[in-house]
Every structure is written in C-alpha cells, then in structure tokens.
Amino acid sequence: MLDNNLAMDRGKLSYVSSLLNGESVIFQALNENPPLSLFELVDRFGVQDMLSANKDTQFIVSLLYYLGILTLNGETELGKLRFKIPNLVARKLYVERLFEIHLTKSEREQTGKLAQEFFQTGDLQAICDFMEQHYFKVFDNRDYKLANELTIKTAFLTVLYDDSPRAT
C-alpha cells in the first residue's frame, strides 16, 4: 500500500513528466519494450544544471536513476546501460502519474465507479467502453507504435487497482 512518505517521489515524477520528453520516458519505462537505455549517465544535477541543462532523454533517465525511481537492469548487446522501474510501488507511481496527466478528476472518479461495478457484476464492457472513449484517445500515434499487451494490461490496472484507504 502506498503511503504519504511517497509524496516526494510523486513530486519528482510530476516534475519529470512536465519536461519536454518526460511523459514519453515515463511511458517507455512502463512499457519496457524497448527498455530505456543509455551509453552514459549524466552525473550533474546542481541547481544551475537543473535550470539550464538540456533536458533530453539522457538527462531525464539519469535523473530518475539518481532519484531512485529507476534502477539498472544490465546492459544491451551494444553495451548501453539498461534501466527498469525498481519495484511495484514505484511502478504504481508511474501509472498514477500517467493517469493524472491523461484523465480529468471527474473521469478518474468515474473509473472508480466503473471498477466497483465490475467487481460486483464481473461485466467488463463498461470499462472497455470508457477506455476506448476516454483513455486510449489521448495517446499519440507514436505511443501506439510502442504499445503491446503490457500497455493494455497497465491501462486496465490503472482503472482496476486502487489501494487507497476508504472511509467506512
């Protein structure tokens, strides 16, 4: 279960997603195909660097690595460093960030109601319709180029998985 101690990591992902290539890096980290990879990590993140450095993919991946919300996952055949999301808690933060970016608050509330209905009835059609009408239409054609079964699974998990405490 996520707790308030992760607020800092949420803030970091929010910042990264606001950068020019940030959202696509977050999406690729979740998709893992192809994996995020770099020949070399950027290693300067001082105030001046944060304000003036080129915020390209190398910068963003390196920043996520040094912040601890990406981890090393071996090397590619060409000797590039390969990265992945370190655990399920961090993965959920990535998913939540994309959820917040692409759906309005009322749409996010609607997904909660649809998930409850599905859990009670087992009928997935309403969720499928919602995802087709609201969720997948926000993706760019470049996103579909990298999309696969894991993309669909992740999308459904954003709608169906909620571990936040409920008032009784």
Side-chain angles (χ1 to χ4, degrees), residues 1-38 57 60-61 63-65 67-74 76 82-168:
M1 183 179 332
L2 298 179
D3 61 25
N4 290 331
N5 294 325
L6 297 172
M8 174 111 28
D9 289 338
R10 280 188 182 102
K12 294 170 189 173
L13 278 174
S14 180
Y15 167 74
V16 167
S17 68
S18 71
L19 299 175
L20 182 61
N21 297 320
E23 187 179 334
S24 64
V25 168
I26 289 172
F27 185 79
Q28 187 177 352
L30 282 166
N31 194 20
E32 298 177 343
N33 188 16
L36 290 170
S37 60
L38 302 174
T57 299
I60 294 169
V61 171
L63 180 60
L64 289 171
Y65 170 75
L67 293 173
I69 43 185
L70 270 184
T71 191
L72 284 173
N73 187 29
T76 68
R82 213 175 32 225
F83 299 88
K84 70 175 186 170
I85 299 172
N87 55 48
L88 292 175
V89 173
R91 180 172 290 282
K92 183 161 194 290
L93 292 175
Y94 280 76
V95 169
E96 283 179 347
R97 185 62 199 145
L98 288 178
F99 197 55
E100 291 167 0
I101 290 170
H102 292 292
L103 297 177
T104 66
K105 185 177 181 185
S106 65
E107 288 172 328
R108 291 191 307 264
E109 289 170 357
Q110 183 181 359
T111 63
K113 292 175 186 170
L114 291 171
Q116 288 297 318
E117 181 181 314
F118 166 69
F119 295 141
Q120 292 172 348
T121 66
D123 184 8
L124 196 58
Q125 189 60 51
I127 292 174
C128 292
D129 292 342
F130 175 85
M131 297 198 50
E132 182 180 351
Q133 295 164 10
H134 298 277
Y135 207 84
F136 292 124
K137 76 175 187 178
V138 300
F139 289 130
D140 187 277
N141 283 339
R142 291 172 298 188
D143 297 327
Y144 287 119
K145 178 181 171 188
L146 298 173
N148 60 20
E149 184 178 334
L150 181 61
T151 308
I152 304 299
K153 179 180 177 182
T154 302
F156 274 92
L157 285 174
T158 62
V159 174
L160 296 174
Y161 184 76
D162 183 9
D163 67 354
S164 57
R166 301 261 189 259
T168 54

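Bear in mind the structure is a predicted one, so any value in this text is a computation, not a measurement.
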Open item on the list: Check this for me: does any side-chain nitrogen of one of Lys113 and Glu109 sit under 4.0 Å from a carboxylate oxygen of the other?
Closed with: no
Open item on the list: Can you confirm whether Leu70 sits close enough to Lys84 that some side-chain heavy atom of one is under 4.5 Å from a side-chain heavy atom of the other?
Closed with: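 No, side chains not in contact.
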Task: Beyond-backbone contact of Leu38 with Phe83, side-chain heavy atoms, under 4.5 angstrom - done: yes
How long is the straight-line distance from [atom2] of [Y] back to [atom1] of [X], given to the nearest 0.5 Å?
X: Lys105; Y: Glu100; atom1: NZ; atom2: CD; answer: 11.5 Å
X: Gln110; Y: Glu117; atom1: CD; atom2: CD; answer: 10.0 Å
X: Ser14; Y: Leu93; atom1: OG; atom2: CG; answer: 11.5 Å
X: Ile85; Y: Asn73; atom1: CD1; atom2: CG; answer: 11.0 Å
X: Leu13; Y: Ile69; atom1: CG; atom2: CD1; answer: 4.0 Å
X: Phe156; Y: Phe118; atom1: CZ; atom2: CZ; answer: 9.0 Å

Open item on the list: Under a plain distance cut-off of 3.5 Å, with no hydrogens placed, do Arg82 and Ser37 share a side-chain donor-acceptor pair?
Closed with: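 The answer is no; no qualifying pair exists.
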- [ ] Taking atom types as modelled, find out whether Asp129 and Gln133 have a side-chain donor-acceptor pair closer than 3.5 angstrom.
- [x]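 Their side chains do not contain a donor-acceptor pair, so the 3.5 Å distance test is not met.
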Open item on the list: So which atom in Pro86 and which in Gly68 form the shortest heavy-atom distance, rounded to 0.1 Å?
Closed with: CG-O, 3.8 Å
- [ ] Determine the minimum heavy-atom distance between Asn21 and Ser24, stating which atoms define it.
- [x] O-OG, 2.9 Å
TODO: Taking Gln28 for its side chain and Pro34 for its backbone only, find out whether a donor-acceptor pair lies under 3.5 Å.
DONE: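 Yes, Gln28 side chain to Pro34 backbone: donor-acceptor pair under 3.5 Å.
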Task: side-chain contact (heavy atoms from CB on, under 4.5 Å) between Leu63 and Tyr15, intermediate numbers included - done: CA-CA 11 Å; Leu63 180 60; Tyr15 167 74; 3.9 Å; yes
Task: Candidate pair Phe130 and Thr111, rule side-chain contact (heavy atoms from CB on, under 4.5 Å), full reasoning - done: CA-CA 8 Å; Phe130 175 85; Thr111 63; 3.1 Å; yes
TODO: Test side-chain contact (heavy atoms from CB on, under 4.5 Å) on Tyr94 and Leu64 and set out the steps.
DONE: CA-CA 11 Å; Tyr94 280 76; Leu64 289 171; 3.9 Å; yes
TODO: Check each of Leu36, Leu20, Leu19, Ile26 against Ile60 using the side chain to side chain contact (heavy atoms under 4.5 Å, CB included) test, and report the only one that passes.
DONE: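 Single pass found, and it is Leu19.
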TODO: In sequence, state the C-alpha distance, the side-chain angles, and the governing distance for Val25 and Val16, and then conclude on side-chain contact (heavy atoms from CB on, under 4.5 Å).
DONE: CA-CA 9 Å; Val25 168; Val16 167; 5.5 Å; no
